[in-house]
Each structure stands twice: as structure tokens, then as C-alpha cells.
Enquirer: 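Before I ask anything, here is the structure I am working with.
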Protein chains: 2
Amino acid sequence: MPFIGQTPTPSARDLVYAKLREKILSLELPPGTALSEKESSLRFNVSRTPVRESFLRLAQEGLVQVLPQRGTFVSLIDPELVEEARFMREHLEKAVIRLACEKFPEEKLAELEANLREQRACIEREDHRRLFELDEGFHRTLFEGCGKLNTWSVIQQMNVHLNRSRLLRLVTDHRWDHLYEHHERMTAAIRGRDADAAERLMKEHLHLSVEDQPLLQEKFPHYFKQGE
Amino acid sequence: MPFIGQTPTPSARDLVYAKLREKILSLELPPGTALSEKESSLRFNVSRTPVRESFLRLAQEGLVQVLPQRGTFVSLIDPELVEEARFMREHLEKAVIRLACEKFPEEKLAELEANLREQRACIEREDHRRLFELDEGFHRTLFEGCGKLNTWSVIQQMNVHLNRSRLLRLVTDHRWDHLYEHHERMTAAIRGRDADAAERLMKEHLHLSVEDQPLLQEKFPHYFKQGE
DNA sequence: AGTTCCATACTACCATACAAGTGTGGTAGT
DNA sequence: ACTACCACACTTGTATGGTAGTATGGAACT
């Protein structure tokens with residue numbers, strides 16, 4: 001029996017998809033890079049079919065752009081999408097953290113606090129990569145504890161654009177301390193059931209992520225889609 | 001030159017996708033129906049490839065479920081997804097209608113009012129199908145006027161589940177009059193820049209769409225995913 | 001020198017063949 | 001009658017060849 005679970009054996013398509021997505025989100029494949037079914041199929045030692053299918057999936061998520069008979073390219077970061085991703089997150093996460101102040105399973109709260117501890121450790125040893133993941137995990141746990149995990153998934157999809165932008169920012173700016181502080185104060189607000197404070201904190205927190213967006217666009221102009 | 005525009009000639013894949021999606025959302029292919037790449041390829045007179053690719057796309061949107069080596073099935077309606085879709089819409093649309101009360105282009109406001117007129121006509125001649133579309137259009141215009149069209153697209157994706165449920169409701173219940181009245185009052189609130197009233201109206205409006213969800217699940221049990 | 005045209009080397013799209021896993025119904029054995 | 005087993009008819013996953021459209025560089029012509 002080949003391990004029955006959510007992964008009854010990951011297909012070649014899924015593997016290729018995961019690797020490409022990883023490379024795109026980490027900016028190892030920067031915006032604008034040309035991809036090719038054939039080249040990728042050689043690179044991953046599979047046929048063109050699974051490569052092609054992973055391209056289509058990435059295209060649907062907006063990570064690549066497929067131009068028929070011309071080529072497939074890593075999408076430029078669209079500032080409009082970045083802003084709307086922030087907008088969505090702000091309003092949905094404000095609503096969720098309000099829910100959390102009413103009712104939140106103790107187990108998940110402990111998970112948040114464990115996450116906080118690891119964040120502290122990451123700041124010590126300046127492991128920004130892992131800190132980025134922990135930030136994701138923190139917010140995810142919030143949604144999970146409120147039974148809104150599907151909502152989080154949908155946000156995630158829009159979030160890929162915001163995240164590429166945030167990662168770019170990480171290159172030039174290392175002030176990630178506020179981030180931890182925010183998370184800590186939000187957790188405290190949930191414990192204290194102070195919905196108004198929690199909502200206010202969340203709003204500030206999410207506004208930070210696009211704080212110097214214009215500077216980024218100036219610094220890496222060829223990575224961004226220019227306004228119409 | 002083959003008409004350069006947004007559709008440089010729709011591919012076979014896109015055509016198959018559009019037709020299947022249409023059939024699924026209209027419940028012509030009810031939840032649970034078995035599909036097959038081969039059968040569909042014969043039906044649409046194309047090879048398996050474009051059919052397969054449209055299946056994958058539908059799967060990513062959650063409209064079908066692909067079980068490797070077993071088959072592809074139209075997804076059951078997941079009540080959890082229906083509720084979260086409503087949750088997302090409530091909070092995002094409340095935020096958007098608030099924006100609309102601050103600033104909304106006159107042109108789009110006129111569009112809303114034209115939509116309202118057509119809604120009235122549809123109620124007269126009991127064209128519920130078209131009324132459903134107009135309802136979609138009304139909300140879409142709201143997002144468009146606020147420059148949040150991408151957000152609407154993301155909502156739409158989650159919305160497919162909510163919509164199948166709403167369509168099911170349409171079969172048994174024809175009281176669509178409130179709907180028009182709500183839309184009219186929301187438009188008035190925007191004109192009068194009364195954000196609090198607008199937000200309250202929107203909240204009520206969206207709560208209506210899942211009003212008798214439990215009854216539906218009782219009436220069409222085999223269309224819904226049962227609780228874990 | 002500048003312009004037009006065309007061969008060529010790409011691209012993604014589609015059709016088709018084969019591989020591998022799954023469910024089912026019939027059959028042989030008990 | 002019942003059970004175990006196996007062949008077979010499905011399913012999706014992968015590989016590959018051919019088609020049509022696109023971009024590009026060089027040759028021929030003005």
C-alpha cells in the first residue's frame with residue numbers, strides 16, 4: 001500500500017509545480033524570466049506534459065504568463081495586486097482576530113505562543129528566511145483557530161504577489177523587530193479579549209508590509225508592472 | 001491578422017473549460033456526476049489533452065475532484081466553503097461599500113442605476129436566470145467603482161460554491177423581491193454617503209444568501225458534502 | 001545604407017500511444 | 001451457496017510526434 005493520505009504519491013506534475021513555485025517566490029527566477037516547456041522538461045528529467053500542466057497551474061495563480069506560440073514568462077509584480085492583497089488581508093484578518101477575541105481554542109493559542117518563542121530565537125540568530133515562514137504560520141494559525149482555513153487559502157493565492165514584494169524588501173531592509181512585537185501584542189490582546197485593540201494592531205501590522213512599496217518599485221523597476 | 005485583442009482565438013482548452021464550468025454551475029451536471037477525459041473528448045470532438053487541461057483547471061477551482069486512476073467527479077457542495085464564502089463577501093463588501101460612500105465615480109453609479117432598472121424588468125417577467133446575473137453584476141460594479149476588481153475576482157473563485165447553493169435555493173424559493181429592494185437601498189445610501197447604513201444593509205443582504213442553508217442540505221442531501 | 005523578404009529556429013497547442021493503478025464481474029474452487 | 005481470485009474494462013498519468021503561429025537574423029534588392 002503506497003501510503004494512503006493526502007499524497008497517494010506526488011505526481012511528476014506536482015513536483016515540477018512545487019519546485020517552480022518555490023523558485024519564483026524566492027525570486028531565484030526573477031520576474032520577466034523566460035521559461036520553456038522543453039528546457040524545463042530536460043532540467044527536471046520528465047516529459048513536456050507534466051511541465052506544461054504545471055505551467056498552466058502557475059498561470060492560473062498569476063505567477064507566470066503564457067503567451068500562445070510565443071513563450072511563458074515569470075509574471076512581473078503588479079503593484080495593483082500587491083495593494084489589493086493588502087486590502088483583502090486587512091479586512092479579513094481584522095474580522096478574524098475579532099472572532100479570536102470571542103472564542104479561540106486554548107490549543108491554538110499555545111501554538112501561537114510557541115511560534116512567538118521561535119520568532120525570538122530567529123531574531124537572535126538573524127534567520128530572516130525562517131522568520132518569514134513563522135510570520136506566515138502565525139497568521140495561518142489565527143485563521144485555523146477560528147475555523148476559517150479556507151479563507152486563508154484564498155488569501156494565500158492573492159498573497160503570492162504581496163510576498164514577492166515583501167521578500168524584495170527583505171533584501172534591503174532588516175528591521176524585522178517590530179514584526180515580532182506586533183505579533184506578541186496581538187496574542188496578548190486575544191488572551192485579554194480586547195477586540196478593539198486587536199483589530200487596531202492588525203491594521204497597523206498589515207499596513208507595514210507595503211510601507212515603502214514605491215521605493216521598491218524605484219529600486220527594481222524591471223521587476224514591476226508599470227502603470228497603464 | 002487574427003483579431004488581436006484579449007482573445008487571440010480561444011483555444012480548445014478554453015472552450016471546453018467554459019462549457020463544463022457553465023454546466024456545473026447551472027447544476028446541469030449535478031454534484032457527484034462522474035466525468036471522464038475520454039468521454040468528454042468524444043463529446044467535444046477534441047483530443048484528451050485539452051479536456052484534461054480543463055479538468056485540471058476546474059479541479060484547482062474546486063469544481064471537480066480528480067482521483068488518480070479512479071476518475072473525475074463534480075465536487076459536492078461543501079457547506080463549510082459556502083459559509084466561508086459568505087464570511088469573505090460580508091467583510092470585503094462591507095469595506096468596499098464604505099469606500100464607495102466616500103468616493104464613487106458618477107459613471108459607475110449610473111451603471112448601478114441602469115442595473116436596478118433592468119432588475120425591475122426581470123422581476124416583472126419573472127426571468128430569474130437573468131436576475132441572478134444582474135445581482136452578480138451589481139456587486140461587481142461596486143468593486144469596479146472602487147478600483148478593487150482583482151479582489152472581486154478572488155471572491156468569485158470562492159463564490160462558485162455559494163452560487164451553486166444559491167441556485168439550488170432558486171429552484172424551491174422564488175421570493176427574489178427583497179433582493180431588489182436591498183440593492184436599491186444600498187444605491188441610495190451611496191448617493192447619500194451614509195456609510196453606516198450602507199454597511200448594515202450589505203451585511204443583512206449577504207446573510208440572506210445562506211438563510212435556509214440547512215433546509216437545502218436536508219432537501220438535497222446527496223448534493224452536499226457531509227460533515228466529517 | 002536602408003528596406004523588404006524569407007529561411008530557420010524557436011514557441012505553445014493538440015493528437016495519440018503507452019504505462020500504471022483501480023474497480024468489477026465472472027469463474028473456479030471449496 | 002459462498003468465497004477467493006483473476007482477467008478485463010475502465011480510469012488518469014506520462015511520453016512523444018506533428019502542426020501552426022511567432023521572432024529573428026541574414027540575404028537580396030532598392
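In the text below, chain A, chain B and the rest are named by the order of the sequence lines, each starting its count at 1. Quick note: numbers below take in every heavy atom, side chains included, and nothing from hydrogens, waters or symmetry partners.
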Enquirer: Within the side chain of E22(A), is there an N or O that forms a donor-acceptor pair under 3.5 Å with the backbone of E28(A)?
Expert: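 No; judged by distance alone, with no hydrogens or angles, the pair does not exist.
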
Enquirer: Just the rounded figure in Å: distance from C1' of dC10(D) to CG of L67(B).
Expert: 14 Å

Enquirer: Ignoring hydrogens and angles, state whether a donor on the side chain of D14(B) or S11(B) is under 3.5 Å from an acceptor on the partner side chain.
Expert: yes

Enquirer: Who passes ring pair (Phe, Tyr, Trp, His ring centres under 6.0 Å) against F87(B), sequence neighbours left out?
Expert: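 Applying ring pair (Phe, Tyr, Trp, His ring centres under 6.0 Å) to F87(B) gives H91(B).
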
Enquirer: Give me, pair by pair, the N or O atoms of the protein and of nucleotides 23-25 of chain D that are less than 3.5 Å apart, along with how far apart they are.
Expert:
residue : atom : partner : partner atom : Å
dA23(D) : OP1  : R70(A)  : NH1          : 3.0

Enquirer: Is it true that E61(B) and R21(B) make a salt bridge, defined as a side-chain N closer than 4.0 Å to a carboxylate O?
Expert: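 Counted as a salt bridge, because a side-chain N and a carboxylate O are separated by less than 4.0 Å.
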
Enquirer: Describe the nucleic acid contact of L35(B) in one word from base, sugar-phosphate, nothing, applying a heavy-atom distance below 4.0 Å.
Expert: sugar-phosphate

Enquirer: Starting at the 5' end of nucleotides 5-10 of chain C, put B wherever the base has a protein heavy atom under 4.0 Å, S where only the sugar-phosphate does, and a dash everywhere else.
Expert: ------

Enquirer: CG of D14(A) versus C1' of dT14(D): gap in Å, rounded?
Expert: 13 Å

Enquirer: Give every donor-acceptor pair under 3.5 Å between a side-chain atom in residues 130-138 of chain A and any protein atom, sequence neighbours left out.
Expert:
residue : atom : partner : partner atom : Å
R130(A) : NE   : E118(A) : OE2          : 2.8
R130(A) : NH1  : E133(A) : OE1          : 2.8
R130(A) : NH2  : E118(A) : OE1          : 3.4
R130(A) : NH2  : E118(A) : OE2          : 3.0
D135(A) : OD1  : H139(A) : NE2          : 3.4
D135(A) : OD1  : H183(A) : NE2          : 2.9
D135(A) : OD2  : R166(A) : NH2          : 2.4
E136(A) : OE1  : Q156(A) : NE2          : 2.9
E136(A) : OE2  : N163(A) : ND2          : 3.3

Enquirer: Just how far, in rounded Å, is C1' of dA9(D) from CD of E39(B)?
Expert: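 So the CD-C1' distance, E39(B) to dA9(D), works out to 16 Å.
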
Enquirer: Does any N or O in the side chain of E84(B) come within less than 3.5 Å of the main-chain N or O of T151(A), such that one atom is a donor and the other an acceptor?
Expert: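 At least one qualifying donor-acceptor pair exists.
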
Enquirer: Keeping the roles fixed (side chain from E113(A), backbone from K108(A)), state whether a donor-acceptor pair exists under 3.5 Å.
Expert: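 Side chain of E113(A) to backbone of K108(A), a donor-acceptor pair under 3.5 Å: no, none is there.
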
Enquirer: Can you pull every protein N or O that's under 3.5 Å from an N or O on nucleotides 14-17 of chain C?
Expert:
residue : atom : partner : partner atom : Å
dC14(C) : OP1  : A12(B)  : N            : 2.6
dA15(C) : OP2  : S47(B)  : N            : 2.5
dA15(C) : OP2  : S47(B)  : OG           : 2.7
dA15(C) : N7   : T49(B)  : OG1          : 2.8
dT16(C) : O4   : T49(B)  : OG1          : 3.4

Enquirer: Within a strict 4.5 Å, meaning less than it, do heavy atoms of the T72(A) and L67(A) side chains meet?
Expert: no

Enquirer: Quick one about Q65(B) and S75(B) (side-chain donor to acceptor, distance below 3.5 Å, no hydrogens or angles considered), yes or no?
Expert: no

Enquirer: Considering Watson-Crick and G-U wobble pairs with both distances under 3.5 Å, what does dT30(C) pair with?
Expert: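 Base-paired to dA1(D).
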
Enquirer: F55(A): what forms a ring pair (Phe, Tyr, Trp, His ring centres under 6.0 Å) with it, not counting sequence neighbours?
Expert: none

Enquirer: Pairing donors with acceptors under 3.5 angstrom, does anything connect the side chains of Q213(B) and S165(B)?
Expert: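 A donor-acceptor contact under 3.5 Å links the two side chains.
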
Enquirer: Between P on dA12(C) and NZ on K38(A), what's the gap in Å once rounded to a whole number?
Expert: 11 Å

